[in-house]
Amino acid sequence: MAETEHRPTNFIRQIIEADLENKVHSSIQTRFPPEPNGYLHIGHAKSICLNFGIAQDYQGKCNLRFDDTNPTKEDISYVNAIQEDVRWLGFQWDGDVRYSSGYFDQLHGYAVELIRKGLAFVDFSSQDEIRENRGTLKAPGVNSPYRDTSVEENLKAFEKMTAGEYAEGECCLRAKIDMASSFMCMRDPVIYRIKFAHHHQTGEKWCVYPMYDFTHCISDAIENVTHSLCTLEFQDNRRLYDWVIENISIEATPRQYEFSRLNLEYTVLSKRKLIQLVEENHVDGWDDPRMPTIAGIRRRGYTPASIREFCRRIGVTKMDNQVEMGMLEACIRDDLNENAPRAMAVLEPIKLVIENYPEGESENLVAPNHPNNDAMGTRNITFSREIWIEADDFRESANKKFKRLVLDKEVRLRNAYVVRANRVEKDAEGNVTTVFCTYDADTLGKDPADGRKVKGVIHWVDASAGRPATFRLYDRLFTLPNPAGAEDFTASINPDSLLEKQGYVEASLVDSEASNWQFERTGYFCRDSKSEGLVFNRTVGLRDTWAKMEQGS
RNA sequence: UGGGGUAUAGCCAAGUUGGUAAGGCAGCGGGUUUUGAUCCCGCGAUUCGUUGGUUCGAGUCCAGCUACCCCAGCCA
């Protein structure tokens with residue numbers, strides 16, 4: 001697709017351009033630092049496109065770093081899935097994958113340095129005591145009774161902590177900053193805690209793990225990150241980020257900049273909630289096509305280019321936002337409209353019998369794979385006496401706004417002939433099951449010779465050659481634009497978010513090499529990657545002004 | 001008077017030495033069309049949360065006010 005015709009501009013890129021121009025940096029280093037405690041979602045794609053996009057556009061580098069300082073919440077399966085997702089989006093990190101855990105030795109050394117400088121102490125207060133002494137948003141906290149322990153004793157205590165001589169929760173290492181700070185995160189923050197847990201990278205080597213605020217800035221400095229980009233909720237944390245860098249012996253001075261996280265209407269984008277959806281089986285796994293995860297979106301049929309384009313269109317600012325689904329849908333339609341070959345599929349079939357077409361015979365018709373791009377070639381489709389058409393495309397009677405098949409009226413069969421409906425057959429409930437018609441043999445590839453106009457065109461599948469197929473039609477996962485705003489977000493889960501249809505597809509699809517198609521007049525589809533046989537996921541429907549009109553009237 | 005942030009069209013978003021409101025999505029008209037698709041053409045802010053001030057001139061500078069978001073995990 002015509003992607004990134006114009007480079008995006010945003011306040012972060014402007015800062016970088018100014019830094020380059022003022023020689024603050026000679027090259028740019030960014031990083032994408034997920035914690036491997038869940039799958040990546042479309043919100044992460046925004047951060048990925050920002051970080052890797054900047055590296056690409058300014059001849060810089062971008063690292064992939066797993067921020068794995070909390071082994072109890074993390075898992076190796078997530079580190080693998082995350083790498084796959086980043087690559088799928090079309091990005092390659094610089095060098096090897098990095099891990100915060102890879103810096104545990106250095107981190108520990110810097111913690112000791114802080115203790116030596118009298119800037120950190122081991123606190124044996126209970127968690128409750130620490131919380132109570134922290135004060136409130138409006139009232140200052142009070143110093144811990146352990147705050148003035150001597151350097152010697154602290155060194156010894158931290159050593160014992162590290163050696164596993166204290167139980168979890170018995171003590172922790174705190175930075176000595178200011179219990180009266182208006183920034184809560186500066187009130188002697190905990191920087192190391194005890195966890196007797198297996199770590200997916202370091203195994204049983206450690207029983208003390210550094211906290212995020214202590215780890216992230218140092219990891220950035222170690223990797224020579226110049227611009228550390230994160231979301232708005234870390235704005236206060238920047239003070240602690242800078243404090244750590246200033247108080248340890250490290251050369252680099254990475255700078256943190258914050259942008260607003262993505263919110264998308266009718267879905268949730270927080271790992272906690274996504275985990276809940278999976279664990280409570282509200283969806284069928286992380287890659288359920290209704291999920292806003294990269295894996296789900298991929299299985300739904302979105303392309304990497306469409307996600308990148310989406311990230312370009314939404315921009316990067318500090319404003320809270322809630323982007324409409326329509327924005328995402330427009331991106332995938334733009335891509336697939338241009339690149340997806342066309343085909344025909346009938347999702348809810350009724351039979352059309354062409355009574356004046358010879359029984360037992362069949363002919364090959366040639367259909368273009370794209371109406372506006374001859375380079376995409378043609379394909380053969382068979383036509384015979386009995387074909388499937390969409391139940392929605394026939395009515396016994398209708399006003400002339402209905403441009404489809406009506407009893408005693410004509411319609412064009414896409415890529416084939418003009419037919420006229422003569423009579424119908426119904427089932428016990430009165431639903432039309434078969435329409436009997438006659439065709440005009442002289443209308444293949446041309447209008448009727450007598451000049452009569454046939455304005456409707458409907459799609460179809462040859463009944464003798466078409467293959468049965470399953471179609472999964474997805475709708476928004478939630479009924480509320482902002483489900484996360486409700487007390488219980490699962491209460492607004494859309495019970496009709498998945499609709500399965502049994503129909504037919506043209507035979508050419510069976511051994512097609514394409515991965516996405518536009519089934520003409522019904523939408524964009526892809527083969528479901530986890531299903532056997534012909535199972536198609538509808539990525540997104542076509543824009544449908546007719547449906548809109550009908551709804552309105 | 002805790003602190004940190006943000007306020008430009010239904011949604012996203014440009015606007016940077018103050019000079020007279022980009023673009024995209026959505027929507028609405030019209031044209032083309034063997035997809036009610038695509039494509040093409042046209043339409044939207046006398047106004048930038050609000051009230052004042054400075055100025056010849058303010059979305060851009062100053063002051064006050066209001067709304068919303070974030071912070072009291074040994075989570076990230």
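Below, read A as the first sequence line, B as the second, and so on, with proteins coming before strands; counting in each chain starts at 1.
If you check every strand for non-hydrogen atoms under 4.0 Å, Phe234(A) touches a base. Counting non-hydrogen atoms under 4.0 angstrom, Arg187(A) reaches nothing in the nucleic acid. As judged by a 4.0 angstrom heavy-atom cut-off over every strand, Gly456(A) is placed among residues making no nucleic acid contact. Residue contacts shown for Met344(A) are absent, as no nucleic acid heavy atom lies under 4.0 Å away. Base contact: Asn372(A) has a heavy atom under 4.0 Å from a base atom. Within the nucleic acid shown, Ile314(A) comes within 4.0 Å of sugar-phosphate atoms alone, with no base atom in reach, counting heavy atoms only. Counting any heavy atom pair closer than 4.0 Å across all strands shown, Glu329(A) reaches no nucleic acid atom. Residue Asn237(A) is classed as a base contact, given a heavy-atom separation below 4.0 Å to a base. Counting non-hydrogen atoms under 4.0 angstrom, Phe402(A) reaches a base of the nucleic acid. Counting non-hydrogen atoms under 4.0 angstrom, Ile191(A) reaches nothing in the nucleic acid. Backbone-only contact: Lys318(A) has heavy atoms under 4.0 Å from sugar-phosphate atoms and none from a base.
Between G36(B) and Arg521(A), a contact under 4.0 Å exists linking OP1 or OP2 to a side-chain N or O. Proximity of Thr522(A) to the phosphate of U35(B): no side-chain N or O atom is located under 4.0 Å from OP1 or OP2. Contact between the side-chain N/O atoms of Gln14(A) and the OP1/OP2 oxygens of G15(B) is found at a separation under 4.0 Å. Phosphate contact (OP1/OP2 of G5(B), side-chain N/O of Arg239(A), threshold under 4.0 Å): present. Contact check, Arg13(A) against A14(B): no side-chain N or O comes under 4.0 Å of OP1 or OP2. For C11(B), neither phosphate oxygen OP1 nor OP2 lies less than 4.0 angstrom from any side-chain nitrogen or oxygen of Arg313(A). Note on Arg333(A): every side-chain N or O is 4.0 Å or more away from OP1 and OP2 of U38(B). OP1 or OP2 of A14(B) has not a single side-chain nitrogen or oxygen of Thr9(A) nearer than 4.0 Å.
Aromatic pair Tyr209(A)/Phe104(A): ring centres closer than 6.0 Å. Checked against the 6.0 Å centroid threshold, Tyr39(A) and His44(A) do not count as a close aromatic pair.
For the pair Lys453(A) NZ and G36(B) C1', the interatomic distance rounds to 18 Å; values are reported in whole Å. Between the CG atom of Asp320(A) and the P atom of U6(B) there is a distance of 10 Å, given to the nearest Å. One interatomic measurement links the two molecules: CD of Glu324(A) to P of A13(B), which rounds to 12 Å at whole-angstrom precision. When the C1' atom of A76(B) is taken as reference, atom CG of Asp220(A) falls 14 Å away, rounded to whole Å. Summarising the geometry, the separation between NZ on Lys138(A) and P on C71(B) is reported as 16 Å, rounded to the nearest angstrom.
Here Glu170(A) pairs with nothing under the side chain to side chain donor-acceptor pair (under 3.5 Å) rule; sequence neighbours left out. Every residue two or more places apart in sequence or in another chain was checked for a salt bridge (Lys or Arg N to Asp or Glu O under 4.0 Å) with Asp544(A), and none qualifies.
A14(B) sits 10 Å from A21(B) when the C1' atoms are compared, rounded to a whole Å. Using C1' as the reference atom, G5(B) and G23(B) are 26 Å apart when rounded to the nearest Å. Rounded to a whole angstrom, the distance from the P atom of U20(B) to that of U60(B) is 15 Å. Comparing C56(B) with C43(B), their C1' atoms are spaced 35 Å from each other, to the whole Å. On the P atoms, A7(B) is 12 Å away from G15(B), given to the nearest whole Å. When the P atom is used for both A58(B) and U54(B), the distance is 12 Å, rounded to whole Å. Spacing of C1' atoms, G36(B) relative to A45(B), comes out at 33 Å, to the nearest Å. One C1' atom belongs to U55(B), the other to C61(B), and the distance between them is 10 Å to the nearest Å.
Residue side chain Tyr212(A) fails the stacking definition with respect to A76(B), as its ring centre and the base's six-membered ring centre are not both under 5.5 angstrom apart and under 30 degrees in plane angle.
Between the side chain of Gln518(A) and the main chain of Ala340(A), no donor-acceptor pair closer than 3.5 Å is present. Lys318(A) contributes no side-chain N or O that, together with a main-chain N or O of Phe11(A), makes up a donor-acceptor pair within less than 3.5 Å.
Relative to the side chain of Gln235(A), the nucleotides G5(B), A72(B), A37(B) differ in distance, and G5(B) lies closest.
At a cut-off of 3.5 Å, with distance as the only test, a side-chain donor of Asp67(A) or Ser100(A) sits close to an acceptor on the other residue.
Arg538(A) has its side chain out of reach of Phe471(A): every pair of non-hydrogen atoms, C-beta onward, lies at least 4.5 Å apart.
Nucleotide G73(B) carries a syn base; the chi torsion (O4'-C1'-N9-C4 or O4'-C1'-N1-C2) is within 90° of 0.
Ring geometry for His108(A) against Phe158(A) counts as parallel: the plane angle stays under 30°, on a 0 to 90° scale with 60° as the upper cut. Between Tyr212(A) and Phe234(A), the angle of the ring planes lies from 30° to 60°, which puts this pair in the tilted group.
Pairing partner, A22(B): none, since no Watson-Crick or wobble contact has both distances short of 3.5 Å.
Of the residues in residues 257-276 of chain A, not one places a heavy atom less than 4.0 Å from an atom of RNA chain B.
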